[in-house]
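Sequence lines set the chain letters: A, B, ... in the order given, protein chains first and strands last, and positions in each chain run from 1.
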There are 2 protein chains.
Amino acid sequence: MRPAEPAKKLRPARTTATRQRLFDASMELIGERGAAGVTVDEIAAAAGVSKGTVYYNFGSKSDLIAQLLRHGVDILKARLMGAPDGGTGQDPLLAMEAMIGQAMDFMAEYPSFARLWVSENWRTPSEWQGTFTLLRAELLAVISEAVENVAKAYPVDPSVSRGSLETAIFGACFVVGLDRQTYNPERTRNQSVAAIMAIMRGYVIQQPAPQG
Amino acid sequence: MRPAEPAKKLRPARTTATRQRLFDASMELIGERGAAGVTVDEIAAAAGVSKGTVYYNFGSKSDLIAQLLRHGVDILKARLMGAPDGGTGQDPLLAMEAMIGQAMDFMAEYPSFARLWVSENWRTPSEWQGTFTLLRAELLAVISEAVENVAKAYPVDPSVSRGSLETAIFGACFVVGLDRQTYNPERTRNQSVAAIMAIMRGYVIQQPAPQG
DNA sequence: CTATTCAAACTGACCAGTCAGTTCAAATAG
DNA sequence: CTATTTGAACTGACTGGTCAGTTTGAATAG
């Protein structure tokens, strides 16, 4: 039997471990060489598992990758929402800074996921179009809330589209994180956070031109 | 004979046109489905040329892509440097805004190039590692100069690493441009520019609100 | 006893790169 | 002005290899 959805609750004993190994192995390989550049045989070998097991647990290479994306986003979301004092009544700008710090840590810890994301995200008709749309919305919602809190506590520039701003922050996190790992390993986490936070400081209204 | 460098001066008649058609076709296809996802046969067919011609003009699929990257960067660089009043003594912040506007126009006009760039840029051992390092440096140099001009004309936050800031701007241009095309076509060019410019406004030091 | 994993063979499609041969425009010769 | 030559540009069938996905039957573990 090859179930479309392998029993998740019934026998998670071996399965859970196997899936985790497959996630780890494919995250690494796919991040390095791209989804199309990695073979199922390689993934199986790297996970120390037979090829048949991959097809038993995931129906196809495509499904494996879709679930890999979901897996990574769950981790990232948890980090962003778990940023110290994300919710309580602290300074929203500090909360924002903590959140971006968490994002940078995530990019450093899972660079392969970040590469997978930026590699496949904007492909026009992609097998994972729907997956990306959904996951992107989930992540943006977290960012949106943090920006919203800033906008409630500070005067912000109303001429700046909130959505575009969130997109810029979202994208900058990935790009700055990846660039640091690839081209500028000497840059510190805090430098990266500060550069991205410049977006927020520019969004908060500076005293209007002394016209009145 | 199959020259490594096809006669550039002697018989550029057909060759130039052929190469341009191959650039156009492969930019489109590779942007959509990724470098590994497109076959040389497809590229040849889309360019209305035989497969052999591809190998006659470019030594390999890999070379074709490397030259494609160079081609696109040349166009982008020309746009950025040609931004209205990029050099003269105008307000550097306005010059910066014009440059980012040019970048957004480029992303809208050559979305496939932008996708190719973000797809392959951060792969760890990539065939085009050297190519990317070089081209990236060229583009960053243009941005760097514009930021430098701002820093000369305005007081800026010295605690922000110039390099990280430039990276953030560079990356934000690609991501915001691509996101607009893929997920938010209703957003305007100017909204995108404004969101990215928030980085610069956050970099320029705001005086503490004077009595008022 | 059943869910899971294994190993290995198999298929059918696909693909990068090659090569022997063809086209064509310009140069040269008559 | 016509005929011939030359070689860059181009062609497309072919090769050797790869890969996703399937199947099978046996082993192992909960």
Side-chain angles (χ1 to χ4, degrees), chain A residues 1-26 29-30 32-68 116 120 126-128, chain B residues 1-26 29-30 32-68 116 120 126-128:
Chain A
M1 264 300 265
R2 183 162 289 117
E5 295 180 14
K8 285 174 183 172
K9 309 280 168 67
L10 303 179
R11 296 288 172 92
R14 270 185 300 171
T15 301
T16 301
T18 299
R19 291 188 153 224
Q20 188 59 50
R21 292 225 304 278
L22 280 170
F23 277 150
D24 293 343
S26 33
L29 288 171
I30 292 175
E32 275 174 11
R33 311 214 304 271
V38 175
T39 71
V40 175
D41 291 282
E42 281 174 312
I43 293 172
V49 138
S50 82
K51 188 180 185 176
T53 300
V54 176
Y55 282 92
Y56 179 81
N57 282 282
F58 308 91
S60 65
K61 185 185 183 183
S62 193
D63 275 12
L64 165 61
I65 293 172
Q67 295 193 36
L68 195 59
L116 170 58
E120 305 292 339
S126 156
E127 315 178 51
W128 308 290
Chain B
M1 263 298 265
R2 183 162 289 118
E5 295 179 14
K8 284 174 183 172
K9 309 281 168 68
L10 303 179
R11 295 280 182 94
R14 268 186 299 174
T15 301
T16 301
T18 299
R19 289 188 155 224
Q20 187 58 51
R21 290 224 304 278
L22 281 170
F23 276 151
D24 293 343
S26 32
L29 288 171
I30 292 175
E32 275 173 10
R33 310 216 303 273
V38 175
T39 71
V40 176
D41 289 280
E42 282 174 311
I43 293 172
V49 136
S50 84
K51 188 178 190 176
T53 299
V54 177
Y55 283 91
Y56 178 80
N57 282 282
F58 307 92
S60 65
K61 186 185 183 184
S62 192
D63 275 12
L64 165 61
I65 292 172
Q67 295 193 38
L68 195 60
L116 170 58
E120 305 292 339
S126 155
E127 314 178 51
W128 307 290

- line: Scanning both residues in full, the closest heavy-atom pair of Gly37(A) with Glu42(A) reads O-OE1, 4.2 Å

message: Does dC10(D) have its OP1 or OP2 closer than 4.0 Å to a side-chain nitrogen or oxygen of Thr18(B)?
response: yes

- request: Check whether any side-chain nitrogen or oxygen of Asn57(B) sits under 4.0 Å from OP1 or OP2 of dA8(D), and answer yes or no.
  value: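 No, no such contact exists.
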
message: Measure CZ/Arg21(B) against C1'/dC10(D) and give the value in whole Å, please.
response: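 For the pair Arg21(B) CZ and dC10(D) C1', the rounded distance is 11 Å.
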
- prompt: Roughly how many Å is it from CZ in Phe58(A) to C1' in dT5(C), rounded to a whole number?
  reply: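 Nearest whole value for this atom pair: 14 Å.
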
task: Output yes when a side-chain donor or acceptor of Lys61(A) lies under 3.5 Å from a complementary backbone atom of Ala35(A), and no otherwise.
output: yes

field: Arg21(A) (side chain) donor-acceptor with Ala47(A) (main chain) under 3.5 angstrom
entry: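 Yes, the answer is positive, given that a donor and an acceptor are paired below the 3.5 Å cut-off.
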
query: Mind checking what makes side-chain hydrogen bond (donor to acceptor under 3.5 Å, both in side chains) contact with Thr53(B), not counting sequence neighbours?
result: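 Per chain and number, Thr53(B) pairs via side-chain hydrogen bond (donor to acceptor under 3.5 Å, both in side chains) with Ser50(B).
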
field: Heavy-atom side-chain contact between Phe58(A) and Leu22(A) under 4.5 Å
entry: yes

message: Is the shortest side-chain heavy-atom distance between Leu64(B) and Val40(B) below 4.5 Å?
response: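 Leu64(B) does not reach Val40(B) side chain to side chain.
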
- prompt: Picking from dG17(C), dC10(D), dC6(C), which would you name as closest to the side chain of Ser50(A)?
  reply: dC6(C)

query: Between dC6(C), dG12(D), dT4(C), which one does the side chain of Tyr56(A) approach most closely?
result: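 The closest nucleotide is dT4(C).
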
What are the atom names and distances for every N/O pair under 3.5 Å that joins the protein to nucleotides 14-16 of chain C?
| unit_1 | atom_1 | unit_2 | atom_2 | d |
| --- | --- | --- | --- | --- |
| dA16(C) | OP1 | Val38(B) | O | 3.4 |
| dA16(C) | OP1 | Lys61(B) | NZ | 3.0 |
| dA16(C) | OP2 | Val40(B) | N | 3.0 |
| dA16(C) | N7 | Lys51(B) | NZ | 2.8 |

query: Hey, does Gly48(A) reach any base, or is it just sugar-phosphate, or nothing, if we go heavy atoms under 4.0 Å?
result: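 Result for Gly48(A) = sugar-phosphate.
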
